[in-house]
2 protein chains.
Amino acid sequence: MPKQELVVLGQETADGCCPTLLTAPLDEEAATGLAKVFKALGDPVRLRLLSMIASRDGGEICVCDLTPAFDLSQPTISHHLKLLKQAGLIDSERRGTWVYYRLLPESTDRLAAVLTRPTARATEPAGTTS
Amino acid sequence: MPKQELVVLGQETADGCCPTLLTAPLDEEAATGLAKVFKALGDPVRLRLLSMIASRDGGEICVCDLTPAFDLSQPTISHHLKLLKQAGLIDSERRGTWVYYRLLPESTDRLAAVLTRPTARATEPAGTTS
DNA sequence: CCTCTATGTTGATGTTTTTCGATCCAAGGC
DNA sequence: GCCTTGGATCGAAAAACATCAACATAGAGG
């Protein structure tokens, strides 16, 4: 009974090459998966956490550097980090006493791609069963 | 007494030219604004609504085409559309009996930009005010 | 003016989310 | 072994959200 369910962003890249959200109606399953990631970003605290993690040059930041930056309790920060992790946006590693979080850039790349409107689209050869 | 508060995505482009989220820690205010938009996207129904709206060739879609695509009541769809609109992602226009919604592409563009990690960053000569 | 259809709004209700204090686990130092 | 410190987990309480039925509003057509 796995309590944490890692959301892999583009796990159905077999067929449709370009999960775009803006070019074709999303089916329910894809929408549910995407919504989980966006929901993880839909909180100011988590957004700031992600921002602090991502903007670190080494790509890593210690929780001990994150927690004091907020007016929130340590359990709350830990909870938000867990949600970001479950969304597949970050990962964590324990090194000795401390735990370090780092961005998973593929996740944000994928999100950016999903939100990007294709600038130009060549004429598609027919035959692809919609 | 404006009940609806339109969230303008990048209204503080005066200073920082590139609101990136991934390159510098977000301040609380920017995080709150961004979070509202992401939260609007953090629901499967709204994501599908946005997708249906955005993928329409004419850029517009009638509510009457949206509502029957879901197993939800009409007020619920209306509510979700309102949230998307308040987030600045879409806009609506009444033409006769029907109401048409359309994507505001600048909003998704901005979101994509915010999630995009700068691939390479040349040394910027000062003086270029966006 | 009245009626019908298409949407938005209101109020209520059950679910989810945010947050905390208390507690627990892991690693290091004594 | 014990104690301290960094983090995660566990309830529980308050706030926010999703959803619906009922009602309100806006045009169209008589």
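In this text, all values refer to a predicted model and were calculated from it rather than measured experimentally. Residue numbers begin at 1 in each chain, while the letters A, B, ... track the order of the sequences.
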Would you kindly give the OH-to-P distance between B/Tyr100 and D/dG27, to the nearest whole Å? 14 Å
Would you compute the distance between atom CD of A/Gln86 and atom CG of A/Leu81 and round it to the nearest 0.5 angstrom? 11.5 Å
Here the helical stems involving DNA chain C, each at least 3 consecutive Watson-Crick or G-U pairs closer than 3.5 Å, sorted by first residue number, are C:1-30 with D:1-30
Contact under 4.0 Å: B/His79 side-chain N or O vs C/dT9 OP1/OP2: no
When the nearest nucleotide of DNA chain C is assigned to A/Asp71 and to A/Arg94 on a heavy-atom basis, which residue is associated with the more 5' position? A/Asp71
Under 3.5 Å donor-acceptor pairs involving side-chain atoms of residues 38-53 of chain B, not counting sequence neighbours:
residue, atom, partner, partner atom, Å
B/Asp43, OD1, B/Val45, N, 2.8
B/Asp43, OD1, B/Arg46, N, 3.2
B/Arg46, NE, B/Ala40, O, 2.6
B/Arg46, NH1, B/His80, ND1, 3.0
B/Arg46, NH2, B/Lys39, O, 3.2
B/Ser51, OG, A/Leu21, O, 3.0
B/Ser51, OG, A/Ala24, O, 2.7
B/Ser51, OG, A/Leu26, N, 2.9

Hydrophobic cluster (4.5 angstrom, side-chain heavy atoms) - remaining members for B/Leu83: none
Check for me, please, whether B/Val63 and B/Ile90 land in the same ILVMFWY cluster - side-chain distances under 4.5 Å, paths through other members count. yes
Of the listed nucleotides D/dA18, D/dA8, C/dT9, the one nearest the side chain of B/Lys82: C/dT9
Is any side-chain heavy atom of B/Val99 closer than 4.5 Å to one of B/Glu93? no
Please determine, for the side chain of B/Thr76, which listed nucleotide (C/dA26, C/dT19, D/dT19) has the closest atom? D/dT19
Please compare B/Cys64 and A/Leu72 by the position of their nearest nucleotide in DNA chain C and report the one closer to 5'. B/Cys64
How long is the span from the CG atom in A/Leu115 to the CG atom in B/Asp109, to the nearest 0.5 Å? 9.0 Å
To the nearest angstrom, the CD1-P distance between A/Ile77 and C/dG21 comes to 13 Å
Can a side chain N or O of A/His80 be found less than 4.0 Å away from OP1 or OP2 on C/dT17? no
Distance in angstrom units between A/Trp98 CH2 and D/dT4 P, rounded: 17 Å
Check if the side chain of A/Gln74 and the base of D/dA8 share a donor-acceptor pair of N or O atoms closer than 3.5 Å. yes
B/Arg46 side-chain N/O to D/dA18 phosphate OP1/OP2 under 4.0 Å: yes
